[in-house]
Number of protein chains: 2
Amino acid sequence: MAQSDTVERILDAAASLFAERGFAETSLRMITSEANVNLAAVNYHFGSKKSLIQAVFSRFLSPLSAELNERLALLRQATSDITAQQLVGCLFESLMASTEKEGENPAQFMQLLALAYAQTQEHLRHYIMAEHGASYVEFTRLLREALPDIEPDVFYWRLCFMLGASMFTLSAFDSISGILKSDYGKETSVDDAVALLIPAVIGMLESSK
Amino acid sequence: MAQSDTVERILDAAASLFAERGFAETSLRMITSEANVNLAAVNYHFGSKKSLIQAVFSRFLSPLSAELNERLALLRQATSDITAQQLVGCLFESLMASTEKEGENPAQFMQLLALAYAQTQEHLRHYIMAEHGASYVEFTRLLREALPDIEPDVFYWRLCFMLGASMFTLSAFDSISGILKSDYGKETSVDDAVALLIPAVIGMLESSK
DNA sequence: TAGGAATTCAAACGCTCTTTTGGAACATAC
DNA sequence: GTATGTTCCAAAAGAGCGTTTGAATTCCTA
């Protein structure tokens, strides 16, 4: 069994358990037993539980940042009048493309983000901001430029509405789509949910009310 | 020092620390030392940490359910054509009224709810649904009736968008309003944020797109 | 195929946690 | 003023945690 195998199995198990239960609620013993590796493997390969948590986020965030940076750069050089619609489209395309490339689950990713948000994990906040904050700041800046007529504070609150709606919806995707399946026999993919989400958040952002 | 004093002080400290740090990240030692009571007081008055968590939620949810039930009943007997706008108004009024009555913090309440959602705390989910699920189900039923032309699955997703935007915004209220204050010198109250939030979520619910 | 580095493993260490315990302090009622 | 029930407290029990250790094993290269 090569090292990469152990490391990947730990990351898979950790991502799944963290997303479902939370960080402190998930012990290294749960993770290593789920991953079928020895307890000491986490500290051997990652150094500590904190570092493991950061590694789990890195696996999601690095490809997302890369995708988003690339798409934003393309958009900037294609036109100088970028619309909010294009930017929001970029964001969700990046999310879906980056998770698909890595064979990951966007719903699980959003569960982890929601968790990182809800629990004030200082070390994680700092780490995420230091490693991946630039893409987010750039996205916000461009969106602000695309919506110059909105008062700054209103813009900020609407950005918040957008993030909340997106994060909550995708993080709850599994349970919502399960309910829809059993109650209405309706099969829904993440792409279907995103297709509904995009016009909704754009409507909120651009609203004149 | 009467019992009620100790119990209240524990609940206050627990709500504040849970909201800020998470459930497992907050030890009974932190809570009892913050509350200036003996460590054993939690187990004496509440039985266990789990029960304390439930009690913290109960203190928020019971007044909210009561307020919401009352307002929904009034609305039902006032008119048979209830609008989505009226229902969303009811929900936020109930939230603000119930927290104000009890001298509580709506942002803290939403932080706790977001936490309960993010971490799959089975005992808590069951408890909340069993004790307070009825009001939520009734609200959803009335909202569904107010928006009969929307496909059932689209309705469900939009409900999700609404909950996400509301929960996230209010749970992040302290940090957002802090940023607005320091960046734009703009002072924002929770009511201001809710005043922006209501038209935004109603727009999402009623949209024809 | 021998040797050295990388990885895995069982066991234990030290720590913090929730919960329990039995008695002390207090209030209330007879 | 004593009896009774409630509340508080210091201490310890018992369980689980992250981490460390050193030996065993596997892997790779020379």
Side-chain angles (χ1 to χ4, degrees), chain A residues 1-59 112 115-116 119-124 126-127, chain B residues 1-59 112 115-116 119-124 126-127:
Chain A
M1 187 187 306
Q3 163 187 348
S4 64
D5 211 45
T6 298
V7 169
E8 286 304 310
R9 286 225 307 281
I10 291 174
L11 284 172
D12 288 342
S16 157
L17 287 168
F18 283 151
E20 192 184 341
R21 312 171 42 88
F23 303 118
E25 290 82 354
T26 303
S27 69
L28 294 186
R29 286 171 171 80
M30 292 179 198
I31 293 171
T32 52
S33 106
E34 169 95 4
N36 269 309
V37 302
N38 185 272
L39 170 61
V42 169
N43 285 278
Y44 176 74
H45 286 290
F46 296 94
S48 68
K49 186 179 180 181
K50 271 188 185 177
S51 305
L52 170 62
I53 294 176
Q54 292 176 0
V56 167
F57 274 82
S58 218
R59 199 167 56 149
L112 287 168
L115 206 56
Q119 307 185 227
T120 310
Q121 296 258 331
E122 263 329 301
H123 76 100
L124 192 51
H126 286 150
Y127 169 79
Chain B
M1 188 187 306
Q3 163 185 348
S4 65
D5 212 45
T6 298
V7 168
E8 287 302 311
R9 287 225 305 282
I10 291 174
L11 284 173
D12 287 342
S16 156
L17 288 168
F18 284 151
E20 190 183 340
R21 316 170 40 88
F23 302 117
E25 289 83 353
T26 304
S27 68
L28 295 185
R29 284 173 166 79
M30 292 179 197
I31 294 171
T32 52
S33 106
E34 169 96 5
N36 269 309
V37 302
N38 185 271
L39 171 61
V42 169
N43 284 278
Y44 174 74
H45 286 290
F46 297 93
S48 68
K49 186 177 181 180
K50 271 188 186 177
S51 306
L52 170 61
I53 294 175
Q54 293 175 359
V56 167
F57 275 82
S58 216
R59 199 169 52 149
L112 287 168
L115 208 54
Q119 310 183 223
T120 311
Q121 296 256 334
E122 260 332 299
H123 76 101
L124 192 52
H126 285 151
Y127 169 77

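Below, chain A is the first sequence line, B the second, and so on; all start at residue 1.
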Open item on the list: Please check this pair: side chain of B:S16 against backbone of B:D12, looking for a donor-acceptor N/O pair closer than 3.5 Å.
Closed with: no
Task: Min side-chain heavy-atom separation A:L124-A:F23 under 4.5 Å - done: yes
Task: Protein-nucleotide distance (A:Y44, atom OH; C:dA10, atom C1'), rounded to Å - done: 17 Å
Task: A:N38 and A:T6, any side-chain heavy atoms less than 4.5 Å apart - done: no
Name the atoms and distances for all side-chain donor-acceptor pairs under 3.5 Å in residues 50-58 of chain A, with sequence neighbours left out.
residue : atom : partner : partner atom : Å
A:S51   : OG   : A:S48   : OG           : 3.1
A:Q54   : NE2  : A:H123  : ND1          : 3.3
A:S58   : OG   : A:Y127  : OH           : 2.8

Task: Rounded distance (Å) that lies between atom P of D:dG16 and atom CD1 of A:I31 - done: 17 Å
- [ ] Kindly say whether, by distance alone, the side chain of A:R29 makes a donor-acceptor pair under 3.5 Å with the base of D:dG18?
- [x] yes
Open item on the list: If the cut-off is 4.0 Å, is A:S48 near the phosphate of D:dG18, judged by side-chain N/O to OP1 or OP2?
Closed with: no
Task: Value in whole Å for how far the P atom of C:dA10 lies from CG of A:N36 - done: 12 Å
- [ ] Consider the side chain of A:N38, meaning its heavy atoms from C-beta on, and name the nucleotide among C:dA10, D:dT6, D:dT19 that approaches it most closely.
- [x] C:dA10
- [ ] Only one of B:V37, B:T32, B:I31 passes side-chain contact (heavy atoms from CB on, under 4.5 Å) with B:R9; say which it is.
- [x] B:V37
Task: Nucleic acid contacts of residues 15-28 of chain A, taken as heavy-atom distances under 4.0 Å to DNA chain D - done: A:T26, A:S27, A:L28
Open item on the list: What's the closest nucleotide to the side chain of B:A40 if the choices are C:dT8, D:dC9, C:dA10?
Closed with: D:dC9
Open item on the list: Expressed as a whole number of angstroms, how long is the span from B:N43:CG to D:dA11:C1'?
Closed with: 15 Å
Task: Considering all heavy atoms, the nearest A:E8-A:R59 contact - done: OE1-NH1, 3.0 Å
TODO: Calculate the interatomic distance between B:R9 atom CZ and D:dT7 atom P; express it in whole Å.
DONE: 15 Å
Open item on the list: Without decimals, in angstroms, what is the distance between B:K49 NZ and C:dT19 P?
Closed with: 8 Å
Task: Atom pair distance, as rounded to whole Å: CG in B:L39 and P in D:dT7 - done: 18 Å
Task: B:T26 side, atom OG1; B:K49 side, atom NZ - distance, nearest 0.5 Å - done: 6.5 Å
TODO: For D:dT6, take OP1 and OP2 only and decide whether either is under 4.0 Å from a side-chain N or O of B:H45.
DONE: no
